[in-house]
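Below is one structure; the comments refer to it alone.
All figures in this text were calculated on a predicted structure; none of them were measured in a lab. Residue numbers begin at 1 in each chain, while the letters A, B, ... track the order of the sequences.
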Amino acid sequence: MPELPEVETIARGVDARVKGQRILDAWFSSLPQTFKTPPRRQAKALAGREILAVRRMGKHIVCDLGPKSPEERDRVISRSAGAKATLPDAQWIVHLGMTGSLLATTPKAPVAPHTHARLRLTSGMELRFVDPRRFGRLEFRALDRSPAFEPKGAEPLKISPAAFVQLFRGRQLSIKAALLNQWLLSGIGNIYADESLFRAGIRPDRRAGQLTRAELGRLREALRQVLRQAIRLGGSSVSDYVDANGDDGFFQFEHRVYQRTGQPCVSCSTPIRRIELAGRGTHYCPRCQK
DNA sequence: CATTTCACCTGGTGGC
DNA sequence: TGCCACCAGGTGAAAT
């Protein structure tokens, strides 16, 4: 399931392959649930715009888009005295849900089942959104009418130690549930919650507000380490995650507890235990995690 | 208000 | 072999 490292990998891959290209036209499916902006309006709004940059914010992929017409473009450029780059005046926001993928393909590549969006680009390539389980969402924002996209919570790789401690202060819910709450931290899902708690030696059912300053310091460091290593390895290919080129990641081979129920702990050989927490399968070592 | 539960989805798995 | 109940989980709304 795409979490921070997987979304980061996809955003970087898409950026590398489509930055600077213009959208010729867009095709969208008509399954209403997939679209935060109605598909017809979205397709119309995207056509003709240049993709200026693609980046990750939390678990979202944000495509910054330039103005539609050359006149509009000149107007925006002249407003920003001396700026060389075109300023974005719209955004296309992609959330991958559980099974979504964003692929840069040739137009001849077979169209996968559950393809919900196809953007034809000036280079001849296509940007495709595929999502079998349909938990993903597509949204268009015109920046003169709507604010630019902002994640709800803090970025786990940017937050300071002090702010990290402050996030959990007084909270009664489990640390696992807190890590999954996107209003606190953006980008952590089930895999990296379990893996970071193992590396920090903290039981997932501990109350967030009861953790000591030292424990939260360890947790923050474990998160940084595990997220950065996962990004380096192109994410975890469990379920059907692939990057923008359709290739697998490698971090699934580094999982120490996630989906290793009953297998020996890599550190102490105690069988990994699985419980349900926050409505999610939760994996931990009963000996290493206190 | 804080927290928990549930519905939304489909493909893959395991039991019979 | 075929069928089906069941499970996976990100998110937001509803319930507690």
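- Taking the C1' atoms of five terminal pairs at each end of the helix from B:dA2-C:dT16 to B:dC16-C:dG2, the two resulting helix axes are inclined by 50°, rounded to 10°.
- Aromatic ring pairs are classed by plane angle as parallel below 30°, tilted from 30° to 60° and perpendicular above 60°; the pair A:Tyr192 and A:His255 is perpendicular.
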Its contact letters, B for base, S for sugar-phosphate only and - for none at protein heavy atoms under 4.0 Å, make nucleotides 10-16 of chain C read BBS----

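- Taking atom CD on A:Glu276 and atom C1' on B:dT5, their separation rounds to 10 Å, with Å as the unit.
- With rounding to whole Å, A:Leu277 atom CG is found 14 Å from B:dT3 atom P.
- Phosphate proximity of B:dC8 to A:Arg134: absent, as no side-chain N or O sits under 4.0 Å from OP1 or OP2.
- Residue A:Gln33 places its side chain closer to B:dC9 than to any other of B:dT3, B:dT10, B:dC9.
- Heavy atoms of A:Gly136 sit nowhere under 4.0 angstrom from any nucleic acid atom.
- The main-chain N or O of A:Ile188 is found under 3.5 Å from a side-chain atom of A:Gln182 such that the two form a donor-acceptor pair.
- Distance alone, capped at 3.5 Å, places no donor-acceptor pair between the A:Arg203 side chain and the A:Tyr284 backbone.
- Residues A:Val54 and A:Phe129 are members of one and the same hydrophobic cluster, defined by side-chain heavy-atom contacts under 4.5 angstrom among Ile, Leu, Val, Met, Phe, Trp and Tyr.
- Side chain of A:Arg199 to backbone of A:Gly201: no donor-acceptor contact under 3.5 angstrom is found.
- Both A:Pro132 and A:Ala278 lie near DNA chain B, and the one whose nearest nucleotide falls closer to the 5' end is A:Ala278.
- Rounded to whole angstrom, the span from the OH atom of A:Tyr241 across to the C1' atom of B:dT10 amounts to 21 Å.
- Picking from B:dG11, B:dT3, C:dA8 the nucleotide with the shortest atom distance to the side chain of A:Arg133 gives C:dA8.
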When the side chains of residues 90-102 of chain A are checked against the rest of the protein, which donor-acceptor pairs come out under 3.5 Å, sequence neighbours left out?
unit_1  : atom_1 : unit_2   : atom_2 : d
A:Gln91 : OE1    : A:Phe149 : N      : 2.9
A:Gln91 : NE2    : A:Asp64  : OD1    : 3.2
A:Trp92 : NE1    : A:Gln42  : OE1    : 2.8
A:His95 : ND1    : A:Gly97  : N      : 2.9
A:Thr99 : OG1    : A:Asp131 : OD1    : 2.7
A:Thr99 : OG1    : A:Arg133 : N      : 3.0

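- Side-chain contact between A:Asp205 and A:Thr282 is absent, with no heavy-atom pair separated by less than 4.5 Å.
- Rounded to an integer number of Å, the gap from CD of A:Gln259 to P of C:dA8 is 9 Å.
- Between A:Glu221 atom CD and A:Phe164 atom CZ the span is 9.5 Å, to the nearest 0.5 Å.
- The heavy-atom pair separating A:Val7 from A:Pro2 by the smallest distance is CG2-CB, 4.0 Å.
- In this structure, the CG atom of A:Leu31 is 9 Å from the P atom of B:dC9, given to the nearest Å.
- Straight-line distance from the CZ atom of A:Arg169 to the P atom of B:dC1: 20 Å, rounded to whole Å.
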